[in-house]
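Below is one structure, written out as C-alpha cells; the observations come after it.
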Amino acid sequence: MSNMADGEVRVRFAPSPTGFLHVGGARTALFNWLFARNQGGKFILRIEDTDLERSTEESYQAIIDAMKWLGLDWDEGPIVGGDYGPYAQSERRDLYREWAQRLLQEGKAYYCFCSSEMLTGMREEQKKQGKDPKYDGRCKLLLPDEVGHRIAEGQPHVIRFKMPQEGETVVHDIVRGDVTFNNTQLDDFVIIKSDGYPTYNFAVTVDDALMKISHVIRGEDHLSNTPKQIRLYHELGIEPPRYAHVPLILGEDKTRLSKRHGATSVGQFKTDCYLPEAMVNYLALLGWAYDDKTELFSRDDLVQKFSLERVSSTGAVFDYAKLQWMNAEYMKHRSLDDKVTLVLPHLEAAGLITSPLDDEMMQFIRQLVEVVGERVKVANQIPEHVGFFFTEDVDYDPEAAEKFLKQHYVGPAFKILEERLSALEEFEQATIEPVMRGLVSEMGMKARDLFQPVRVALTGTRQSPGLFEVMVLLGKDKVLARLRRARKEFS
RNA sequence: GUCCCCGUCGUCUAGCCUGGUUCAGGACACCGCCCUUUCACGGCGGCGACACGGGUUCAAAUCCCGUCGGGGACACCA
C-alpha cells in the first residue's frame with residue numbers, strides 16, 4: 001500500500017484549535033498551500049482537536065478566518081468536505097480505535113495501567129540517574145487474563161505502541177537530508193489515552209495514512225517526533241509520506257516567536273489592517289527565497305516559483321520592520337477607495353470620527369487619505385498623521401514650538417499672513433501659494449523660514465503632508481484661528 | 001542531561017550540493033548626500049558577514065573533523 005501510487009500530491013495543514021493562528025502556523029500553511037498549488041495537488045485542512053481541555057470553538061473560528069483572510073483555500077476539510085473525512089479528529093475516534101485494535105491483535109501494541117503519577121516519578125528517577133526518561137515497558141509483561149480482568153474491573157488504561165528496540169530509523173527530509181535516529185532512543189509511547197482519544201503521534205499517522213497524504217510539510221519542532229511516526233507506518237504496513245521540516249520562526253532573541261516578542265497572531269495583523277498580500281509575501285520569504293534579488297511576488301508568482309528544495313534550514317527571525325516596508329509597497333498599489341476603507345476603522349478607534357458618516361465627511365476623509373499619501377505604511381498609522389485635522393486645539397510639540405514659533409519675525413509675519421489669507425475669496429492651493437511665496441520674498445527669507453512656523457502652528461508638529469494641501473483641507477477659518485493662537489501664545 | 005537540527009552583514013537571504021568567475025551579491029534597518037516647504041516617496045552613496053580551530057587541495061564561505069554557540073525534542077499537549 002503506497003500513498004503515492006497514483007502520484008497525486010496531497011498535503012495538509014493540521015492546526016489544533018487551542019489558540020489563534022500564529023504566524024508560524026500561517027507560514028507552514030502557506031508553504032503547504034503553495035506546494036499543492038504549484039504541483040497541481042490537493043491542499044487539505046484538518047483540525048486536530050483531540051485535546052479536549054484546550055480546544056475551543058473560538059480558536060477554530062479564528063483559524064478559519066485567518067486562513068480565508070490570507071487566501072489559503074483548501075480543497076478538502078471543514079466546510080468544503082471531501083472524500084477522506086471527517087476532517088476533525090474528534091469525529092474520527094472510531095477510526096483510531098479500530099487501528100489501535102489492529103495493532104493490539106497483531107501484538108504490536110499493549111494495554112498499560114500505569115498511573116501518570118507513577119510515570120512522572122519514574123521519569124524523575126531516571127533523569128536523576130542521568131538516564132533517558134523512557135517508559136520501562138512493565139505492562140508489556142502482563143498476562144492476557146490479568147489484562148482482561150483489570151479492564152473488566154474498569155481500571156483506567158492506555159494503549160502503548162511496542163517500539164522496536166534495535167536498529168535505526170531514518171527520516172528522509174527534503175529540507176535537511178537524511179536524519180538518523182537510533183531506535184533505542186524511542187520508547188513505548190501512548191497511542192490511545194485513558195479518555196479514549198488518540199495521542200498526537202498516533203492520530204497524525206492514522207490520518208495522514210488514511211487521507212493519503214503524500215508530503216508532510218511542518219515545523220522543525222516535529223522532526224524528533226517523526227521517527228515514532230515512521231515506526232508506526234512500518235507496523236501498519238503503510239509507506240510513509242515524504243517529509244519537509246521547515247525552519248522555525250524566531251523572535252529577536254532567537255527563541256521561538258511568542259507573544260512576548262510582539263504581535264504573533266494573524267488576526268492581530270488583520271485588525272491592524274496589514275494587507276493580506278503583504279503578509280503572504282513576507283511569510284513566503286521567511287525560510288524560502290527564489291533567487292538573490294526578487295522580493296516582491298504576486299500570489300501567482302509564488303505559486304509558480306515555489307519549491308521545497310529552496311526552503312532553507314536555518315531559523316528565521318520575524319522582522320516587523322521589513323513586514324512594514326513590504327506592506328507599504330503593497331499599499332502603493334491599492335486604490336484610494338481601498339485605502340479609505342482600510343483606514344476608517346482606525347480613525348474611529350482613535351475617536352476621531354464616529355460611525356455613521358455623512359457624504360461630506362466621507363469626502364473629507366477621501367481627501368485626507370489622498371493628501372497623506374505614502375506616509376501611511378500600515379493603515380493603523382493613520383491617526384498620527386491626521387489627528388490635527390480633528391482637534392480644535394492642537395498640541396504643540398514643545399521642541400518644534402521652541403524652535404519655530406519663538407522666532408522674532410514670526411509674530412509680524414503671521415499678522416500679515418492672516419490679513420492676506422483672510423482677504424482671499426477662494427481658499428485654494430492656487431490662491432494660497434502666491435500669498436505664502438510672496439510674503440517669503442518680501443521679507444527676504446527662505447521658504448522654510450515661514451513654512452515651518454506655519455506648519456507647527458497648524459499641525460503642532462514639524463512634519464506633515466504638503467502645507468498647501470493641509471491649509472486647503474483645514475479651511476480658511478481654522479487656518480486663521482490657528483495662526484492667531486500661535487502668534488498670541490508665542491510672540 | 002540525552003538525542004536531533006542549525007551557524008554568511010543587526011535582520012531576511014543569494015552563493016555551498018557540482019571548490020577557482022566573490023578581498024562574498026540583493027533587500028530591510030541604520031547613516032550621509034540629492035530632490036524639497038517639513039516628513040514620507042524617489043535617486044545616489046556608505047556602514048556591515050563567511051562562529052572558531054584544524055585538516056584535504058595549487059586553490060575553501062563552499063569538502064572533512066573538532067570546538068564553541070544557538071535552537072528544538074525528550075508528556076495520557078499538539
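Here is how names work: the chains are called A, B, and so on, in the same order as the sequence lines, proteins then strands, and each is numbered from 1. Just so it is clear, the model here is predicted, and its values are computed rather than measured.
- In this view, A:N225 satisfies the side chain to side chain donor-acceptor pair (under 3.5 Å) rule with no residue, not counting sequence neighbours.
- A sub-4.0 Å separation between OP1 or OP2 of B:U36 and a side-chain N or O of A:K446 is absent.
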Using atom types as modelled, flag every donor-acceptor pair under 3.5 Å from a side chain in residues 110-118 of chain A to any protein atom, sequence neighbours excluded.
from, atom 1, to, atom 2, distance (Å)
A:Y110, OH, A:D188, OD2, 2.7
A:S115, OG, A:M118, N, 3.2

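- Listed by first and then second residue, the side-chain hydrogen bond (donor to acceptor under 3.5 Å, both in side chains) pairs involving residues 395-405 of chain A are A:E402-A:K406 (not counting sequence neighbours).
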Are any protein N/O atoms closer than 3.5 Å to N/O atoms in nucleotides 17-26 of chain B? If there are, list each pair with its distance.
from, atom 1, to, atom 2, distance (Å)
B:G25, N2, A:D292, O, 3.2

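- One finds no side-chain N or O of A:R176 lying less than 4.0 angstrom from the OP1 or OP2 phosphate oxygen of B:C4.
- B:G66 and B:C52 make up a base pair, with Watson-Crick or G-U wobble contacts both under 3.5 Å.
- Under the side chain to side chain donor-acceptor pair (under 3.5 Å) criterion, A:R256 pairs with A:D221, sequence neighbours left out.
- Considering only residues two or more places apart in sequence or on other chains, A:P86 meets the side chain to side chain contact (heavy atoms under 4.5 Å, CB included) condition with A:E91, A:R92.
- In this view, A:T226 and A:R218, A:H245 satisfy the side chain to side chain donor-acceptor pair (under 3.5 Å) rule, not counting sequence neighbours.
- Under the rule for a side chain to side chain donor-acceptor pair (under 3.5 Å), A:T431 has no partner lying at least two apart in sequence or in another chain.
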Treat primed atoms plus P, OP1 and OP2 as sugar-phosphate and everything else as base, then score nucleotides 71-78 of chain B 5' to 3': B for base contact with protein heavy atoms under 4.0 Å, S for sugar-phosphate contact only, - for none. SSS-SBBB

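- A perpendicular orientation is assigned to the rings of A:Y274 and A:F269, their planes being inclined by more than 60° (bins at 30° and 60°).
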Which letters describe nucleotides 64-69 of chain B, given B = protein heavy atom under 4.0 Å from base, S = only from sugar-phosphate, - = neither? ------

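- Residues meeting the ring-ring contact (aromatic ring centres under 6.0 Å, His included) test with A:Y200, sequence neighbours left out: A:H222.
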Pick out the pairs of N or O atoms, protein on one side and nucleotides 42-51 of chain B on the other, that lie under 3.5 Å.
from, atom 1, to, atom 2, distance (Å)
B:G42, OP1, A:K332, NZ, 3.0

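- Of the C1' atoms belonging to B:C52 and B:U8, the separation is 15 Å, rounded to the nearest Å.
- Taking the P atoms as reference points, B:C6 lies 14 Å from B:A51, given to the whole Å.
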